[in-house]
Amino acid sequence: MLKRIRLLPAAVLTALGTVVALAAPSAAADPPVPPSSAGQRWALKVADHYVTVSAGANGDTKLRADLTATTPGTAEQFTLHTDWIKEGSDEGFGSKVSFRSEATGNYVTTEDDASASLLRTRATTIGAWERFTLKPLSNGAFGLLASNGKYVAAELGTYPDKGLLRARTAQPASPDDLGSWERFTLEKVGGQGSTGPVPAPTAQAPVARDVVSWNVCANNNGSCSLDKATPTTVADNVSNALHQAMGTRRPDAVFFQEICEKAAKPLELALESWTGPMDVRFMPTYYNVADTTVQAQKECDNTKDGAGRGSFGIALAVPDSNTWYQGTVLPSPVDPTKPRKEQRPMLCAVMPAEGSAYCNAHFSSGPYTDANGKPQGDDTDTQHPVRPKQAQAMRETVDSLTGTGYTTYYGGDLNTTQNDVDYLSALYPGHQECGQPTPSSPHTGAPTDGNNKIDYIFGPQGPTYTCRVVDGTLSDHRMINLTTS
């Protein structure tokens, strides 16, 4: 199928080293929120019945317990999301969960009393009426406490609209006093990306590779140009900056961090205007919901105009010969006594026809102090840091791909300065890092974030390596570019 190509205005192609003017959004409307390429899907069940989105003749999208569905199809699948409410451990990310329908692309909303507190999938952004509190019950079940202060129930008795979900049950003395109609379970559906085994390569990887990694700072950092920008603005400007940096060279893969889900497809189309056919895969960052093991995708801030941008995470741009990709939630800090921590992502893809594989990750942030003098960071336990575990998990994945016959390039924003580079020791043996002239050279390189180097790309030993760090001017990070020959 032919893909739409968007050409950038020549006036936008400003010289490197100057601020890249934000391109105007394309005339075409932003696409609806897409399913996450590698985001976990869930099925919701009540009284052993799957919850389905039933589309009525008038376009209504009520939720009901389906008395006939034996397996979860698209209408029974949801992704889980969590947004920022207010600072603090009880009201921040992970304190509440929202459900997004795979069938409609919209979030589940609790209607008002005039509409009998029905649950429908009709919201394009998350607000109070789209948030639910998961109340753990016995036997792995949950109560869904809606924003109206009542629990969601499935009308499985004599109610005329059989199986309809409504937020209408008053809070009992104990959540475990809820009946079978209010007891929900979550069932994982499929995997985080391709579910089959890694296909074997059909060719040997070329020695010459051109790989870029860039944290584009496209969520909510006010010091970055793409703060709360629309998906098409992000796509056009990121593609433009990369094009300037690469010149006539075409990247074999690009690792993006801090990007929003809805920008993935527009970015793919923008890149294709100068790179040729590409796929852009997306993997969300997660939070554990409340005091449960359930993980929900972190939601990006809305645009300045209030439009939703989908989940927050990482993306991987690879040639469209890609046939297998998979996301992984890396070992990440979990401390129930403090504000919940981001559960960090890794995303890998293989190209059998060229024998190459690529893995992109965004590791947990180490301790630092923000502009207001407030301590920040997720990986703050210096006695038991988690980044070495993340590096080991990445290395195990890389080794499994290499064992299948692929030449693998990997890295990303690993949030580790040269002072703590030993945290990344699992990534070095048998490989070489962009910035090392030889495998035995010191682990140094040009700074990529302020005066610190925290972005890395690794590849196999043997080729001749060159490494460039380029300021794309849109982000608080510079892009890092590995070239082998």
### Query
Which of parallel (below 30°), tilted (30 to 60°) and perpendicular (above 60°) describes F78 and F99?
perpendicular
### Query
Looking only at heavy atoms, what is the nearest atom pair of N302 and G308, with distance?
OD1-CA, 3.5 Å
### Query
Going by an N to O cut-off under 4.0 Å, is there a salt bridge joining E342 and K298?
yes
#### Entry: Modelled atom types, side-chain donor and acceptor of R120 and N106, under 3.5 Å
no
### Query
What pairs with Y423 under ring-ring contact (aromatic ring centres under 6.0 Å, His included), at least two apart in sequence or on another chain?
none
### Summary
Smallest heavy-atom separation, T61 atom then T121 atom, equals OG1-O, 2.7 Å
### Query
Taking NZ, NE, NH1 and NH2 as the nitrogens, is one of them in K96 or D83 under 4.0 Å from a carboxylate oxygen of the other?
no
### Query
Is the shortest distance from a Lys or Arg side-chain nitrogen in E130 or R100 to a carboxylate oxygen in the other one below 4.0 Å?
no
### Query
When you look at D471 and T473, which way does the side chain to side chain donor-acceptor pair (under 3.5 Å) test go after all the steps?
CA-CA 5 Å; D471 189 355; T473 72; 5.5 Å; no
## Note on the structure
Residues passing the side-chain hydrogen bond (donor to acceptor under 3.5 Å, both in side chains) test with Q204, sequence neighbours excluded, are none
### Message
Working note: Q297 + T285, criterion side chain to side chain donor-acceptor pair (under 3.5 Å); need CA distance, chi angles, decisive distance, verdict.
### Response
CA-CA 6 Å; Q297 302 176 28; T285 297; over 6 Å; no
### Message
Ignoring hydrogens, what is the shortest heavy-atom contact between A69 and Y50? Give both atom names and the distance.
### Response
O-CD1, 3.6 Å
### Summary
Residue pairs meeting side chain to side chain donor-acceptor pair (under 3.5 Å), one or both in residues 452-464, sequence neighbours left out, come to Q418-Y456, E433-K453, T448-D455, D455-H477
### Task
Please answer whether the main-chain N or O of C217 pairs with a side-chain N or O of N221 as donor and acceptor at a distance below 3.5 Å.
no
### Residue pair N215, D413: steps toward the side chain to side chain donor-acceptor pair (under 3.5 Å) verdict
CA-CA 7 Å; N215 181 321; D413 179 356; 2.9 Å; yes
### Query
Can you name the closest pair of heavy atoms from Y358 and R209 and give their distance?
OH-NH1, 3.2 Å
#### Entry: Y287 and F93 aromatic centres sub-6.0 Å
yes
#### Entry: Working for salt bridge (Lys or Arg N to Asp or Glu O under 4.0 Å), residues D279 and R281
CA-CA 6 Å; D279 284 328; R281 308 298 188 183; 3.5 Å; yes
### Task
For L414 and T416, work out which heavy atoms get closest and say how close.
O-OG1, 2.7 Å
### Message
Given 3.5 Å as the limit, does a donor-acceptor pair link the side chain of T407 with the main chain of A205, or not?
### Response
no
### Summary
Between the OG1 atom in T328 and the CG atom in L330, the distance rounded to the nearest 0.5 Å is 6.5 Å
### Task
Run through K341, H384, R387 and flag the one making a side-chain hydrogen bond (donor to acceptor under 3.5 Å, both in side chains) with D379.
R387
### Summary
Residues passing the side-chain contact (heavy atoms from CB on, under 4.5 Å) test with H431, sequence neighbours excluded, are R395, V398, Y410
### Task
Determine, stepwise, if the pair M479 / V469 fulfils side-chain contact (heavy atoms from CB on, under 4.5 Å).
CA-CA 6 Å; M479 64 181 80; V469 173; over 6 Å; no
### Message
Looking at Y465 and G459, would you say the former's side chain and the latter's main chain have a donor-acceptor pair under 3.5 Å?
### Response
yes
### Task
Just grab all the disulfide (SG to SG under 2.5 Å) pairs involving residues 236-286, residues at least two apart or on different chains.
C260-C300
### Task
Can you label the angle between the Y107 ring and the H81 ring as parallel, tilted or perpendicular, going by 30° and 60°?
perpendicular
### Message
Between D305 and T303, do the side chains contain a donor N or O and an acceptor N or O under 3.5 Å apart?
### Response
no
### Query
W274 and S239: side-chain donor and acceptor closer than 3.5 Å?
yes
### Message
Between D210 and N481, is there a side-chain donor-acceptor contact under 3.5 Å, judged purely by atom types and distance?
### Response
yes
### Query
Going by the disulfide (SG to SG under 2.5 Å) test, which pairs reach into residues 432-484, not counting sequence neighbours?
C434-C467
### Task
Return the minimal non-hydrogen interatomic distance between V211 and I457, and the atom names on each side.
O-CD1, 3.5 Å
